[in-house]
Amino acid sequence: MNAPLEDSLTPQIRVEDDRTGLSITTLRSALADNLFYIQGKFPGTATKNDYYMALAYTVRDRLLQRWLNTTQTYRKNVKVVCYLSAEFLIGPQLVNNLINLGIYAKIRQAVEESGLSLQELIEQEEEPGLGNGGLGRLAACYLDSLSTLEIPAIGYGIRYEFGIFDQEIRDGWQVEITDKWLQYGNPWEIARPEEYVEVKFGGRSEHYYDEKGNYRVRWIPDRVVKGVPYDTPILGYQVNTANTLRLWKAEAIESFDFQAFNIGDYYGAVDAKIVSENLTKILYPNDEVIQGKELRLQQQYFFVSCALQDMIRLLLSTEVSLETFHQQFAVQLNDTHPAIGVAELMRLLVDEHRIDWDKAWHITQNTFAFTNHTLLPEALEKWPIELFGRLLPRHLEIIYEINQRFLDRVRMKYPRDLGKLSRLSLIDESGERYVRMANLACVGSHAINGVAELHTELLKKTVLKDFYEFFPEKFANVTNGVTPRRWMVLSNPRLTRLITEKIGDRWITHLDDLRKLETLADDASFRQQWRQIKQETKGDLAAYIRKKLDIIVDPKSLFDIQVKRIHEYKRQHLNVLHVITFYNRLKHDRDLDITPRTFIFGGKAAPGYFMAKLIIKLIVSVANIVNNDPDVRDRMKVVFIPDFNVTLGQRIYPAADLSEQISTAGKEASGTGNMKFALNGALTIGTLDGANVEIREEVGAENFFLFGLTTEEVYGLKARGYRPFDYYNQNAELKAVIDLISSGFFSHGDVDLFKPLIDNLLYRDDYMLLADYQSYIDTQEKVSQAYRDRENWTRMSILNVARMGKFSSDRSIREYAQKIWKVEPVPVELLQLCPGGQCLLV
Ligand code: NBG
């Protein structure tokens, strides 16, 4: 890969020295030094990974000035955003840091003059898969924008030893492999063991009167775990700001339980250590129905308590009163996973710092803001009271107290409305009793937002309706965005160069500048260059597919791509119904003049989600038949690319012609893949769901392939009684497709294999695939026709990119900063230069 852009000179560091210098000679000797002194290797015995590590340390050294000076700057009474998230899917760090530092070309030269290939070293990096999908990746894009916009911020989360599993496909089935991302070391993090905090679990609370006669509560836990922070710098794009992502690892308070050890129980003594460390071992994959796993609640409480204690410590170290906590920190709850923070901050303020309840409640409500990311009612988190009380007895008391005070207000507003009361209550009492985390987050926050306009409107009408009626002023929308640094500059260097050549590079931080491309859509030679770039990028993906999967795809065919988590509501199987329809049409008329297509799929299924796994099996089974059928050769191919993750996304999004965003209307909160595709010049085929609605508004209806029922039509049809079987019966082409699957044609005659999927479609079809089938097929036909007119397709592609300015995460972060956090940028000056250790000497 060539440098996406000319290197910028890193501002303010002018001193040339071995640790931070940027001359090729200095970079080369730094690389050699790190190989010897950090990896402990001679070049002769060094592995590629050793070289990667040496390079990573070379880059990290060049980042530390900014990082340390950023931390220093924030000690001076500035308001800091704390983004609490159980997931941060940050992706590989090396290239991103090179780009943000503006030293890509120099490093490449130094690496190559040392006889190495930069590309090979880049490929050594194991990405930290500390997230499931959109929610975790959004948190990562937001950290990038916070730094780029020079907003003081800390990301707080969990340092999972094992991230999201690696996916392999064996015999068409997904197999999960443990993700050992830390096995060869992680050069981007710095452990801060001295800044550990203690987190309590279990036990009971004790009520007493203090020396002044005040009623107090203390928590007597039966277990204490240590949280050790690991910090990763998140450098902004060509600024001095490098914020911190602080991830917590659980450790035992003492390595051994000496009492057990003294009575000769060696294994018992080590047990406690193992149990503590289990806490941050593994990321939970978001299964179809969330299961109330105790370890998961422990994880949530663990990292939230670590984060809040860390903030209090930071505050107290500056000698500012704890009562100004909400003026010093804006804490964002990324979904309900960190919602326990509401009760934990109350506990810390009231029990540990002796602030009275009302004051503490004022601080708490003004500190927290809550983002909801889902409309699926089955995904709303709730914890059985029994489990909750056993693990967090004091928090349960606090939640009861919050609830009582809140419900008193509800009763005042709606006397005698028992339905309201039971729906708003923090406790679900309809059967087994549960704590409702979304209710806790809503009551304990001053702001609540959805992640796309439609999503926010639907929240107000459905899952959070009662809260909206009670606190309308808390609700706001902040449509998601993605960072153009990773999702364009890094992943699509060719297009980045072309755009920059034409309109300059300001668009990288002011994405609205892409509008300047609009007039170029009418320039035939520009269109030619645009097409050429898409062609080359598709060629790269084709080469990857050939190498990894031994499947030959034609880069001239239309690349029709759906990559995202596998879920019934996302309807990968609707896409499959089209694939088979396309296949049948070709089989029936071998001379059919069809636009050749390559259908590409990718995504992980939650390990416990049977239907999702069956959908993968179906895709791979269809691929096997189609790809080996000489009748359709050269006209269609089907590919399932295993192990979709950030690294693969970087290859895939830029290579798409068509982006599949086909969820049932009213189900996808926003989507962010939809933005990455469109930003890279793919046209979208999509429903009026999530952020698709706004993408279509921006790019223009004429440049977007719309199909399917609207949310209202979905609700209406459900209410009238939806009978999927009727659609099957009345549509010959659909019937043929379903019958072909049922006949065992794709499963070596096994008629039972896909039966659960087919029966579900025929008799339930919760996600209304059959209702949307015809509209989808007709629209796909329009896509095929449109692709034939290459000039016009290219025009539409350029216009899509030109109008994507709104979907930069910089815009989202500016909205959060103004509407919700009330924070301002604080530029960082590199005051404390420490070249070659000189500051130790002065
Ligand atoms: C996901 C939604 C997506 C949305 C991302 C980021 C969860 C719980 N929600 O539609 O499904 O784009 O969040 O907001 O992962």
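Whatever order the structure lists them in is the order used to number ligands and atoms, beginning at 1.
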Report all protein residues having a heavy-atom distance below 4.0 Å to some atom of ligand 1; order the list by chain, then number. G134, L135, L138, D335, H373, V451, N480, Y569, E668, A669, S670, G671, T672
Cut-off 3.5 Å, side chains only: do N449 and Y816 have a donor facing an acceptor? yes
Aromatic ring proximity Y773/H578, centre distance under 6.0 Å: no
With a 6.0 Å cut-off on the ring centroids, do Y767 and H573 count as close? no
Whether the Q332 and Y142 side chains hold a donor-acceptor pair (N or O, under 3.5 Å, no angle test) is what I'd like checked. no
Would you kindly say whether E176 and Q174 are connected by a side-chain donor-acceptor distance under 3.5 Å? yes
Pair D810, S145: side-chain N/O donor-acceptor within cut-off below 3.5 Å: yes
